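Computed from a prediction, not measured in an experiment: that's the story for all the values here.
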Amino acid sequence: MAITNTTYAEITTFLLVGMPGLEHAHIWISIPICSMYLIAILGNCTIIFIIKTEPSLHEPMYYFLSMLSLSDLGLSLSSLPTMLRIFLFNAPEISVNACFAQEFFIHGFTALESSILLIMSFDRFLAIHNPLRYSSILTSVRVAQIGMVFSFKSILLVLPFPFTLRSLRYCKKSQLSHSYCLHQDVMKLSCSDNRIDVIYGFFGALCLMVDFMLIVVSYILILKTVLGIASQKEQLKALNTCVSHICAVVIFYLPIINLAIVHRFAQHASPLINVLMANVLLLVPPLMNPIVYCVKTRQIRVRVVAKLCQKQL
């Protein structure tokens with residue numbers, strides 16, 4: 001602690017939490033956690049590599065999928081350092097500045113993933129509603145421009161977070177309630193007026209919910225278009241192209257909604273439940289998205305299997 005005046009001591013280090021009540025088992029818990037990180041990183045790198053090296057996959061749908069994999073990689077790597085420190089080395093301390101940096105990257109990649117899922121829903125609608133003009137509308141240049149715009153939007157959205165947190169004073173509590181730094185968790189430790197952080201944090205959450213609602217609208221339009229197709233076989237074929245994306249949306253938004261409900265309505269719930277749900281939020285989407293797309297997308301699955309067979313030969 002650094003003494004800044006005679007009336008209070010300012011916190012310079014926060015304490016993260018592992019699994020409350022299971023501290024003695026952290027080394028064993030680290031095995032599945034490290035395995036999930038390893039599979040997530042390898043899986044997303046594989047998706048990016050396959051799309052980059054296969055000319056037949058140089059289409060808008062797969063470009064957006066590679067963007068999703070990049071955001072999943074960023075999300076995994078943002079939380080990895082503190083997870084390893086806690087569960088492998090029993091070192092829960094994190095400096096204030098490192099904490100602010102981590103929450104910036106975690107919230108930034110979360111916002112980016114939400115935006116990419118929204119783009120992918122519009123991509124599916126366009127492919128089903130207007131297949132003849134699909135390739136001419138979503139050219140490679142336009143896809144790159146869309147990716148840049150939404151990346152810039154995500155950065156701008158979370159850029160104020162570390163600065164507003166930095167302007168607060170931390171002088172009483174230093175114990176966080178998760179295994180990594182989140183904006184809403186850090187601001188609760190402040191002993192000064194944090195109304196700006198509360199309002200802007202709500203605005204950030206609202207932006208994610210707007211993305212989700214627009215995705216729902218996209219699928220309503222997709223369903224309306226599909227029901228207008230005469231052939232039932234063609235209807236099923238069109239809907240089948242959306243299955244992977246629907247799974248990705250559920251995997252991403254369900255933990256966010258559950259965690260928000262717990263924070264809002266179950267404040268006296270076991271700390272272990274909060275930690276588990278927060279860890280699911282960052283561990284499961286990067287882990288499951290490559291698996292879902294490899295299993296449900298034939299073009300990706302075939303090329304992954306072909307690359308593996310080449311290596312064996």
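Residues in residues 140-163 take part in these salt bridge (Lys or Arg N to Asp or Glu O under 4.0 Å) pairs, two or more places apart or across chains: K153-D211. Among residues at least two apart or in separate chains, there is no side chain to side chain donor-acceptor pair (under 3.5 Å) pair with a member in residues 24-33. Residue pairs that meet the side chain to side chain donor-acceptor pair (under 3.5 Å) test with at least one member in residues 85-101, sequence neighbours left out, are N97-R166. Annotation: side chain to side chain donor-acceptor pair (under 3.5 Å) contacts involving residues 100-113, sequence neighbours excluded, comprise S71-E113, T82-Q102, E113-N289.
The ring-ring contact (aromatic ring centres under 6.0 Å, His included) check on F203 picks up Y200, with sequence neighbours excluded. In this structure, the disulfide (SG to SG under 2.5 Å) partners of C99, at least two apart in sequence or on a different chain, are C181. In terms of the salt bridge (charged side-chain N to carboxylate O under 4.0 Å, His left out) criterion, R133 has no residue partners (sequence neighbours excluded). Residues satisfying the side chain to side chain donor-acceptor pair (under 3.5 Å) criterion with S76, sequence neighbours excluded, are absent altogether. In this structure, S66 has no side chain to side chain donor-acceptor pair (under 3.5 Å) partners at least two apart in sequence or on a different chain.
Hydrophobic cluster membership of L38, counting Ile, Leu, Val, Met, Phe, Trp and Tyr whose side-chain heavy atoms lie under 4.5 Å apart directly or via other members: L42. In the hydrophobic clustering, L227 connects to L223, either directly or through intervening members, whenever side-chain heavy atoms lie under 4.5 Å apart. F152 forms part of a hydrophobic cluster together with L156, judged by ILVMFWY side-chain heavy-atom separations under 4.5 Å.
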